[in-house]
K.L.:
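What follows is a single structure, and I will ask about it in a moment.
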Number of protein chains: 2
Amino acid sequence: MTATDDHIDRLPTPAMVHATSQAERVADMLRAFVIDGELAPGVRLSEEKLSRKYQVSRNTLREAFRLLSRERLLVHRMHRGVFVAHPTGEDVRDLFNARRALELPAVRGAAQAPEPLIRAVGAAVEEGEQARAASDWWRMGSANMHFHEALGALSQSARVNEFMRQVLAETRLVFHVMAAPREFHDPYLPWNRRIHLALTAGDTEAAAEELAEYLATSEEQLATAFSGMERSTRG
Amino acid sequence: MTATDDHIDRLPTPAMVHATSQAERVADMLRAFVIDGELAPGVRLSEEKLSRKYQVSRNTLREAFRLLSRERLLVHRMHRGVFVAHPTGEDVRDLFNARRALELPAVRGAAQAPEPLIRAVGAAVEEGEQARAASDWWRMGSANMHFHEALGALSQSARVNEFMRQVLAETRLVFHVMAAPREFHDPYLPWNRRIHLALTAGDTEAAAEELAEYLATSEEQLATAFSGMERSTRG
DNA sequence: CATCGTTGGATTGTTGAACAATACTGCAAT
DNA sequence: ATTGCAGTATTGTTCAACAATCCAACGATG
């Protein structure tokens, strides 16, 4: 041992190891399924069936349910069970209000952001363009999520990042409610490219304006699609 | 029954009734205790003792723990138990970054905000002044929370509001880590008053600048207090 | 003397079964 | 068409048990 143990400081912190409980593992699997749309919005998750399928007790499964309910990916209805969240038109508007509140200021403040954060934005743009070249529509959606997550990260708060991830995950659910993945992601790539370009040029205001337009357009698109849906599925 | 049943529309929606499970009730109690500082930061919450005290099973109690851990009021350490969160200096900085990201844009966008939201800000100011008159220092803290919650509400997103509440609750924990409630809240009342005044005058930019100053000052105050503390409590 | 293995006790992690409370379905009665 | 009332299925909650893990204390080791 040397007198100074600065080599210890280079080791991963305990927060990174993060031993994971059974409930969290189940929650992770379910989260992935829900976000990937393999569990359709509105579907009920039976405690008995799922606990048998995942080989965990009902109590453990319920802990997992609590976690995902807090993330708004599942909704817990007393004595009725938990269901995959089924966002409404109102949710769509709220989600976009939240995104405006988070992303726009993050972009406007990008002047103080360290360079790697800007690069992450660029990486997400390229991921999207690669996915487009491969006609991988679902991955295009993921890339778009990463893009906006990277925008949110410009605000430089771990808590905001976490919140941003949640909001985007929920937004992704919206796309599952209506089955139209392709056309909805298609036109947004060039927008992302322009936003990134403006950011690297240091013109945060231009980036913010492009973003505001994007959000307005996307919200409009989803909201109209939803109002049509809800009229026909009123119950 | 009349042909139109618009009287039904006036009834409280199911979302407002919200049947509450045992776990949620326990979580509510614990949340209040934690925020009010009756449970000191860092204290471990024994499953056995608490389940006996609140007359609930360990499993139910654990569900409550999961809820509060998601809110960052408790921290769950694998095989060690749950503890009342004990924010660090880093947390303080992150919390204020989050608040800047949320509150400043909310205030800047206050032009589009409906009038009742602005009035809520004013109400919080008055609550604070009443508490000050009564020398009720703890209620002054609550009023300050309400004030900033009202500012966040200007962003008009239920999700952002929820997040804001969480961030403020956590901020409140910070005040418990160091025992100095009085001096820290004292100088902020006039600031709140000025911010509200600028808002009612429609001068959102002035309001934002005052708020930015407030946040910077408050963060500085807390951060220096913390760096002193952590030097002496290094573990 | 500082460090390292071991041991025993305490607490959490997880399970499975049991029972109570509630919601849902279908059918009869009005 | 609505109401009342079964029976059934599912969730809400408890309990007791065991496995897994941490922690403090004690020696052993160099």
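Residue numbers begin at 1 in each chain, while the letters A, B, ... track the order of the sequences. No experiment lies behind these values; they were computed from the predicted model shown. What's counted below: heavy atoms across the whole structure, side chains too, no hydrogens, waters or symmetry copies.
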K.L.:
With sequence neighbours excluded, what pairs up with A:Glu149 under the salt bridge (charged side-chain N to carboxylate O under 4.0 Å, His left out) test?
P.N.:
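By the salt bridge (charged side-chain N to carboxylate O under 4.0 Å, His left out) rule, A:Glu149 matches A:Arg165.
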K.L.:
For B:Met78 and D:dT21, give me the distance from atom CE to atom P, rounded to whole Å.
P.N.:
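Rounded to whole Å, this separation is 8 Å.
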K.L.:
Under the ring-ring contact (aromatic ring centres under 6.0 Å, His included) rule, collect the residues that match up with B:Phe147, sequence neighbours excluded.
P.N.:
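In terms of ring-ring contact (aromatic ring centres under 6.0 Å, His included), with neighbours along the sequence ignored, B:Phe147 is linked to no residue.
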K.L.:
Who passes salt bridge (charged side-chain N to carboxylate O under 4.0 Å, His left out) against A:Glu103, sequence neighbours left out?
P.N.:
A:Arg99
K.L.:
Rounded to whole angstroms, how far apart are NZ on B:Lys49 and C1' on C:dT12?
P.N.:
14 Å
K.L.:
Quickly work out the B:Arg52 CZ to D:dC15 C1' distance and round it to whole Å.
P.N.:
14 Å
K.L.:
Taking OP1 and OP2 of C:dC24, is either one under 4.0 Å from a side-chain nitrogen or oxygen of A:His79?
P.N.:
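Answer is no, no contact under 4.0 Å.
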K.L.:
Not counting sequence neighbours, which residues clear ring-ring contact (aromatic ring centres under 6.0 Å, His included) with A:His176? List them please.
P.N.:
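A:His176 satisfies ring-ring contact (aromatic ring centres under 6.0 Å, His included) with A:Trp138 only.
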K.L.:
List in numerical order all residues of residues 58-69 of chain A for which some heavy atom is under 4.0 Å away from an atom belonging to DNA chain C.
P.N.:
A:Arg58, A:Asn59, A:Thr60
K.L.:
Is the shortest side-chain N/O distance from B:Gln22 to OP1 or OP2 of D:dT14 below 4.0 Å?
P.N.:
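Yes, such a contact exists.
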K.L.:
In sequence, state the C-alpha distance, the side-chain angles, and the governing distance for B:Asn97 and B:Arg100, and then conclude on side chain to side chain donor-acceptor pair (under 3.5 Å).
P.N.:
CA-CA 5 Å; B:Asn97 277 341; B:Arg100 262 187 286 275; 3.3 Å; yes
K.L.:
Rounding to 10 degrees, work out the angle separating the end axes of the helix from C:dC1-D:dG30 to C:dT30-D:dA1 (five pairs an end).
P.N.:
30°
